[in-house]
Amino acid sequence: MIEQLKAELVERAQAGLKRKRRLLQSPQAVHLVADGQRLLSFASNDYLGLANHPDLISALQHAAKEAGVGGGASHLITGHHQFHHDAELSLAGFVGLPAGLLFSTGYMANMGVVAALLGRNDAIFADKLNHASLNDAAILARAELNRYAHQDLVQLEKMLIASTAPRKLVIVDAVFSMDGDIAPLPQLLALCEKYDAYLLLDDAHGFGVLGEQGRGILSHFNVASPRIIYMATLGKAAGVAGAFVAGDTIIIEYLIQSANTYIYTTAGPPALAAALVAAVNVMQNDEARHQHLQDLIAYFKQHLSLKRWQLMPSDTAIQPIVVGGNEAALSLSEYLLTQGVLVPAIRPPTVPKNTARLRISLSAAHTLDDVNLLIQHLHEAEKVLLA
Ligand SMILES: *Cc1c(COP(=O)(O)O)cnc(C)c1O
């Protein structure tokens, strides 16, 4: 096996597809040090700049003094700490849902929910651009996976009509991670009601960004329904780690009994849960932070003026520029790096062929000057690279 793996690695390197990790030598922040270089970063999912916020650091330190470090046991044995309980109440309340459940990662939350609620005879209806964890969740559940073209609700409806599965679950990214566009929640919910399906919303990139105070996609559309199972990750805008699922109390109670990725794993460090409560408090009390992110998004869209490359239509913190070829996207990213600006190039298979792109992510921690500098470099890059 090792010989085969080695050959595959060589092949990958020759095709220009070998991935490498950058070594971060500072906190995750918009001004960071990576591989020894000082950079202005538009490359994290820390949309509110909370990963390095003093309130969260202090909450984590105090909680570690009080509760120690390790979770020590699974939630159903002795790992379920008061801090976890407090975080679940705080997070569910923030998104306006009756109950919440913490998971160690978003990946595990998606796998746990889908595999607990669906089985062999059930059916999943999924947008083709959904996150990888949702596709893996379908495999784990052994349910039938029906994938519809991105945002194509006509195709989704045809699939729902044709399905005879006893349980149907529509699964979508609330904000698509490589495109930045938002799922049409009211229309999706109407289809679920019409065809007796449930709706799993993965709000990894909407929580903290969309809606009033960053309460997420439910607040953005002002929608509520017992059919909605809401999931948000907590290592992105919330600046910590983990994920939570929220929804109807019966669904949450059922997940506690039967989600394997909840039951058969050690509870996360309680101090992280205390940091999450601090994160929700910042979101609730520092409305200016959320507003600043919204202002930067609007400013960037208004002032960037590209001739050949295409800024995708997005109102979220994810602002991708489609360049097309893999080499072209890499050259653009490398050019920006020589200017001290870090923006990752995203290539297939993460995005469809011929749509390689630069994935810019804006953060409330950026200043207007940071964004102006990015715009200026992008305008220059188009002149230099397409000359
Ligand atoms: C990041 C992400 C996840 C996984 O969350 P983690 O907590 O990082 O494991 C799931 N879904 C989407 C859409 C994501 O962007």
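Both ligands and their constituent atoms are indexed starting at 1 by order of listing.
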Discussion item. Distance under 4.0 Å, heavy atoms only, partner ligand 1: which residues pass?
Written reply: T105, G106, Y107, N110, H131, S133, D173, D202, A204, H205, T233, K236, G242
Item to complete: Decide, yes or no, whether a salt bridge links K301 with D315 under the criterion of side-chain N to carboxylate O below 4.0 Å.
Response: yes
Worksheet entry | Qualifying residue, where the test is side chain to side chain contact (heavy atoms under 4.5 Å, CB included) with L24 and the options are R22, Q28, R21 | Q28
Worksheet item: Counting only heavy atoms not in E380, do more than 12 fall under 6.0 Å of its CD?
Response: yes
Discussion item. Using a strict threshold of under 4.0 Å (side-chain N to carboxylate O), is an ion pair present between E157 and K194?
Written reply: yes
Discussion item. Once you measure the plane-to-plane angle for H84 and H80, does it fall in the parallel (<30°), tilted (30-60°) or perpendicular (>60°) bin?
Written reply: parallel
Worksheet, complete the sentence: By salt bridge (charged side-chain N to carboxylate O under 4.0 Å, His left out), D152 pairs with (sequence neighbours left out) none
